Amino acid sequence: MTHDRPAPDPSRRPADEQPLLEINHLGVDFALGTSVVHAVRDVSLHVRAGETLAVVGESGSGKTATALSVLRLNPSPPCVYPSGEILFDGHDLLRLPEKQLGRIRGRDIAMVFQDPMTCLDPLQRVGAQVAEVLRHHTGMSRAEAREAALAALDEVGIPDPALRFRQYPHELSGGLRQRVMIATALVARPRLLIADEPTTALDVTVQRQILDLLVALQHKHRMAVLLITHDLAVVAETADRVAVMNRGEVVETGDVLDVFEHPADDYTRTLLAATPRLEAA
Ligand SMILES: Nc1ncnc2c1ncn2[C@@H]1O[C@H](COP(=O)(O)OP(=O)(O)OP(=O)(O)O)[C@@H](O)[C@H]1O
Ligand SMILES: [Mg+2]
């Protein structure tokens, strides 16, 4: 059963009425030999422009499978989508022809992951990789894309961007690589950013910096963010709304403060109880 709460007070933040992304009754199955894993079952979520929706839940609860479905990035086979729709700008991304979806990927919807090396090409200089996104999605010339890529590296707080521009991913620290991936994701000014555990691989102090950076850039560009994290303290600090997933289903969703202060679902209570700092707050 899903515990859905009334929307938060709209005066709190000027979010649009219409969701930018709307996932309705999504199912994701993985067919493994003769058995089928129902990784995601009847999941409905939405994100409005300018807001952050956090998705939490223990390992294997279907968070990544849900997020990857938005850009149809689950490996297929074994993945199939037995039910649901994913509406973005009035288009159902689950049924959009691959060519049209390709134009949305990276331009309107971008993703960042825990491990930047899943996105970065080890054999290509980082500046070229950021510029490549612009060359692909806009009519920019090589020189214009280079200028914009340098500005993007600067915007994500990379010192001496002209030097870093020429380096390869292995020449950068983990924190800098994460910033490069964020620059790559944000350089085309996407309207929606999907961030799947974007900081868990980093030192605590670097985690803090990267999250602060994401929040600052989100406000600056009025981006919508779907943030997947294990860390409920991060949710409390950065998200407007939260969806709690358990065994492939959304068991509770609502305003972060409401859900954390008055969890309606037993599983949410268990999750909160496992985070002493929040429980005490
Ligand atoms: N490519 C795949 N092939 C087969 N099964 C998969 C695949 N990807 C995910 N699954 C299964 O789907 C279920 C949900 O996995 P998912 O990766 O979405 O969990 P998660 O909530 O993101 O977990 P974590 O917090 O560990 O990242 C799990 O049972 C997982 O084993
Ligand atoms: Mg995951």
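The structure displayed is predicted, hence computed values, not measured ones. First listed ligand is number 1; within each ligand, the first listed atom is number 1.
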Which ligand 1 atoms does [X] reach within 4.0 Å, using its non-hydrogen atoms?
{"X": "Gly62", "value": "14 (C), 18 (O), 19 (O), 20 (P), 21 (O)"}
{"X": "Ala65", "value": "18 (O)"}
{"X": "His230", "value": "25 (O)"}
{"X": "Pro78", "value": "3 (N)"}

Protein heavy atom at shortest distance from atom 6 (C) of ligand 1: Phe30 CD1, 3.5 Å
Nearest non-hydrogen protein atom, atom 17 (O) of ligand 1: Thr64 CB, 3.7 Å
Heavy-atom protein neighbour under 4.0 angstrom from atom 31 (O) of ligand 1: no
Carboxylate-amine/guanidinium proximity below 4.0 Å for Glu58 and Lys63: no
Nearest non-hydrogen partners of Glu252 and Ala264, listed with the distance: OE2-N, 2.8 Å
Taking every non-hydrogen atom, the tightest pair across Val130 and Leu153: CG2-CD2, 4.1 Å
NZ or CZ of Arg125 within 45° of Phe165 ring axis and under 6.0 Å: no
Contact check: Glu197 vs ligand 1, nitrogen or oxygen atoms, below 3.5 angstrom: no
Within-cut-off N or O pair, Lys63 and ligand 1, under 3.5 Å: yes
Side-chain H-bond candidate by donor/acceptor type, His221 with Glu155, under 3.5 Å: yes
Side-chain H-bond candidate by donor/acceptor type, Glu197 with His230, under 3.5 Å: yes
Mode of Ser59 contact toward ligand 1 - side chain, backbone, both, neither (heavy atoms, under 4.0 Å): both
Close approach, Gly57 and ligand 1, non-hydrogen under 4.0 angstrom: no
Sub-4.0 Å heavy-atom approach of Glu58 to ligand 1: yes
N/O/S atom of Ser59 inside 2.8 Å of the Mg ion (ligand 2), strictly under: no
Backbone N/O of Gln124 and side chain of Gln129: donor-acceptor pair under 3.5 Å: yes
Residue from Thr253, Asp258, Val259 passing side chain to side chain contact (heavy atoms under 4.5 Å, CB included) with Asp255: Asp258
